[in-house]
Amino acid sequence: MLHEPIGIALNAAIKEMGLDEVEINLERPRDPSHGDVTCNIALTLSGRLDKPSRDIAEEIAARVKKDRAGITSIEVAGPGFLNFRLSAVMATSLLDEIVARNEAFGRENTREGSQVMVEFVSANPTGPLHLGHGRQAALGDAIASLLEWTGWQVHREFYYNDAGTQIDKLVESVRVRYLALFGGQGEIPEGGYHGQYINELAESLAEEFGDQFVIDESEKATEQIRNFSVRSIREEQDRDLNDFGVHFDEHYLESSLHHTGRVKSTLEALRETGLVYERAGATWLKTTEFDDQKDRVMVRKNGLPTYFLPDIAYHMHKWTRGYERVINVQGSDHHGTVDRVRSGLQALGLPQGYPEYVLHQMVRVVREGSEVKFSKRAGTTTTLRELYTEVGTDVTRYFFQMRKPDAQMVFDLDAALDYSDKNPMYKIQYAHARMHSIFSKAQIMPEEIEAGSADLSLLTDNHERLLINQLRDFPSVLARAAENRTPHIVCEYLEQTAGVANTWYHAGNPSRNPNLAVLVDDSKIRGARLILARSLQIVLRNGLAILGITAPKRMMQEIANDGT
RNA sequence: GCGCCCGUAGCUCAGUUGGAUAGAGCGCGUGCCUCCGGAGCACGAGGUCACAGGUUCGAAUCCUGUCGGGCGCACCA
């Protein structure tokens with residue numbers, strides 16, 4: 001909906017030519033000299049009409065009624081593009097709309113009531129959150145926000161794998177370190193956990209329970225160590241996410257799937273499909289019936305389920321809770337599970353593409369050109385907290401979001417720590433803060449700048465026109481980002497907007513052209529430009545809100561190092 | 001070996017779903033600059049879009065193959 005009147009006028013013209021209504025795709029041309037709005041409809045039609053696209057374009061152009069479309073000119077260019085120039089009124093009325101809608105500008109409410117679940121992070125409670133979780137937290141949260149902005153009712157969910165063998169390994173690891181505190185000699189088992197945090201866990205275990213587990217190796221003792229360890233790690237993870245500004249509506253425990261009998265009932269339901277068989281002592285599901293490459297074991301020879309079975313039970317419960325749309329955000333190292341989970345669900349009658357997946361690639365952290373590999377506490381990779389404590393949560397979130405999910409990314413610490421607007425995140429925040437600075441210099445509160453309070457057709461300078469057109473794109477950028485589930489599109493847009501805004505702002509520098517400053521003497525022009533400044537500030541703030549990033553009224557050096 | 005993702009400027013990456021002369025930031029070069037808040041502004045150079053075919057008015061984008069990088073291919077999660 002870049003510009004509705006143009007679409008209507010075009011379709012009217014096309015109808016006159018004896019054709020059915022078509023979908024009009026209006027875009028803003030990359031090159032501003034091509035006008036405000038462009039349309040490639042003639043090129044699309046040329047194949048169907050078997051006529052040169054240029055001729056079709058000429059014919060459409062001749063039939064479009066300019067005044068009703070709100071344009072001052074229409075021209076045919078290149079192979080048959082239709083380029084439009086908006087009338088001053090049509091071009092600038094957008095600003096009144098932005099100011100009037102304020103926090104709601106960019107929101108779409110057409111889909112009221114539709115529910116979607118976004119499941120993300122879902123780290124095992126076996127250690128601190130690392131970089132991959134960080135990328136996933138930023139990404140998942142932004143995708144959830146984008147869906148909210150495009151009219152969905154969103155449920156953010158975190159799934160804790162608190163029941164598998166990896167938890168047993170955690171317990172064994174903690175026990176070994178615990179015993180060592182009392183002179184024990186044990187070794188961390190194969191596949192166990194080694195980081196400093198295991199020692200810390202053992203120490204606080206000893207603090208709380210004393211030496212009672214040294215001799216007590218009963219089931220109950222193991223259970224106590226398990227509960228203590230899982231709880232501690234969960235608390236730490238929750239703290240890390242909370243301080244990162246990521247919040248969930250629900251934490252779903254794998255263990256609950258066993259307690260409530262969902263695993264069992266899922267197995268029974270699968271048996272009824274006739275796709276279950278026994279082989280070599282294990283119970284299999286014939287997932288090759290669907291999209292999978294080979295059949296999968298559900299219950300092992302030893303009688304224990306693989307994680308595959310609870311996974312199906314879990315997703316089945318997503319469906320029965322009413323989520324007909326579910327997006328799972330996961331690391332691409334899990335992509336092997338996609339086909340088998342979907343196959344299992346199809347066996348139970350769920351639709352083929354359920355659930356949707358957003359798979360993201362790995363992150364490497366680089367400082368002074370070489371990779372940062374180790375974390376003091378975790379022993380393996382840098383933790384999320386270490387990262388955002390050093391560079392700040394805003395920068396961390398922005399950097400994780402500014403690359404598309406399915407590309408590997410390099411997190412450059414030197415670039416992240418740059419406090420100038422060479423750092424794209426600060427560039428955007430600066431542009432936002434600068435508008436506040438203008439308002440306070442004018443001694444006016446932003447909220448006092450009202451829609452309809454000025455004659456916007458006075459905004460005739462080319463810098464102003466460019467900035468207005470840039471702001472016009474915001475809603476369609478959100479729509480595209482939400483549809484593709486790619487927040488980086490919003491980052492690109494905001495950075496570009498900040499760039500256009502900077503050029504506009506600097507053009508009015510007293511040493512260059514004082515007539516282009518916002519705060520000129522002419523009160524009419526000043527009023528119009530204040531509305532433009534306010535509109536810019538609103539769009540930047542709304543965009544940053546979607547990314548989970550603050551929009552400061554003034555920039556402070558401390559922000560760069562204030563992660564806590 | 002099979003499957004998924006990626007390959008675009010020196011570096012990090014976009015590329016509006018097949019459209020106009022392939023873009024941005026960093027870095028590099030050249031000129032300005034004491035200001036409505038900088039760790040400033042403007043301009044410029046820099047490309048065989050990994051390679052080879054194909055599809056059509058038109059391909060970085062779609063199809064096939066090759067090469068290179070990452071990840072996965074458990075009765076682990």
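Lettering of chains follows the sequences in order, A, B, ..., and the numbering in each one begins at 1.
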The contact string for nucleotides 4-11 of chain B, one letter per nucleotide 5' to 3', using protein heavy atoms under 4.0 Å with B, S and - for base, sugar-phosphate only and none, comes out as BSS-----
Could you give the side-chain donor-acceptor pairs of residues 530-538 of chain A under 3.5 Å, partners two or more places apart or in another chain?
unit_1: A:Arg534; atom_1: NE; unit_2: A:Pro446; atom_2: O; d: 3.3
unit_1: A:Arg534; atom_1: NH1; unit_2: A:Gln537; atom_2: OE1; d: 2.6
unit_1: A:Ser535; atom_1: OG; unit_2: A:Ile531; atom_2: O; d: 2.8
unit_1: A:Gln537; atom_1: NE2; unit_2: A:His432; atom_2: NE2; d: 3.2
unit_1: A:Gln537; atom_1: NE2; unit_2: A:His436; atom_2: NE2; d: 3.4

Ring pair (Phe, Tyr, Trp, His ring centres under 6.0 Å) partners of A:His133, counting only residues at least two apart | A:His130
NA contact type, A:Ala433, heavy-atom cut-off 4.0 Å: base, sugar-phosphate, or nothing?
-> base
Residues two or more places apart in sequence or in another chain: which of them pass salt bridge (Lys or Arg N to Asp or Glu O under 4.0 Å) with A:Arg526?
-> none
Considering residues at least two apart in sequence or located in another chain, which fulfil the salt bridge (Lys or Arg N to Asp or Glu O under 4.0 Å) criterion with A:Arg512?
-> none
Count the heavy atoms belonging to other residues, nucleotides or ligands that lie under 6.0 Å from NZ of A:Lys169, then report whether that count exceeds 12.
-> yes
Determine: side-chain N/O of A:Ser332 to OP1/OP2 of B:G70, distance under 4.0 Å, yes or no.
-> no
Report the stems of RNA chain B as range-with-range entries sorted by first number; a stem here is at least three consecutive pairs, Watson-Crick or G-U wobble, both distances under 3.5 Å, and write none if there are none.
-> B:1-7 with B:67-73, B:10-13 with B:23-26, B:28-32 with B:40-44, B:50-54 with B:62-66
Indicate whether OP1 or OP2 belonging to B:A77 is found under 4.0 Å from a side-chain N or O atom of A:Arg300.
-> yes
Taken in chain and number order and not counting sequence neighbours, the residues that satisfy side chain to side chain contact (heavy atoms under 4.5 Å, CB included) with A:Glu190 are none
Can you name the residues that form a salt bridge (Lys or Arg N to Asp or Glu O under 4.0 Å) with A:Asp333, not counting sequence neighbours?
-> none
Could I get the full list of salt bridge (Lys or Arg N to Asp or Glu O under 4.0 Å) partners for A:Arg529, not counting sequence neighbours?
-> A:Glu464
Could you tell me whether the phosphate oxygens of B:G37, OP1 or OP2, come under 4.0 Å of any side-chain nitrogen or oxygen in A:Ser437?
-> yes
Taking the same atom, C1', in B:C13 and in B:U8, what whole-Å distance lies between them?
-> 9 Å
Set of residues satisfying side chain to side chain contact (heavy atoms under 4.5 Å, CB included) with respect to A:Ser437, sequence neighbours excluded | none
Restricting to pairs with a member in residues 296-307 of chain A, which pass side chain to side chain donor-acceptor pair (under 3.5 Å), not counting sequence neighbours?
-> A:Asp292-A:Arg296
Heavy-atom closest contact (A:Leu26 atom, A:Gly7 atom, distance) | CD1-N, 3.9 Å
Presence of donor-acceptor pair under 3.5 Å, side chain of A:Arg434 and base of B:G38 = yes
Base versus backbone protein contacts along nucleotides 24-35 of chain B [heavy-atom cut-off under 4.0 Å; B, S, -] = -SSS-------B
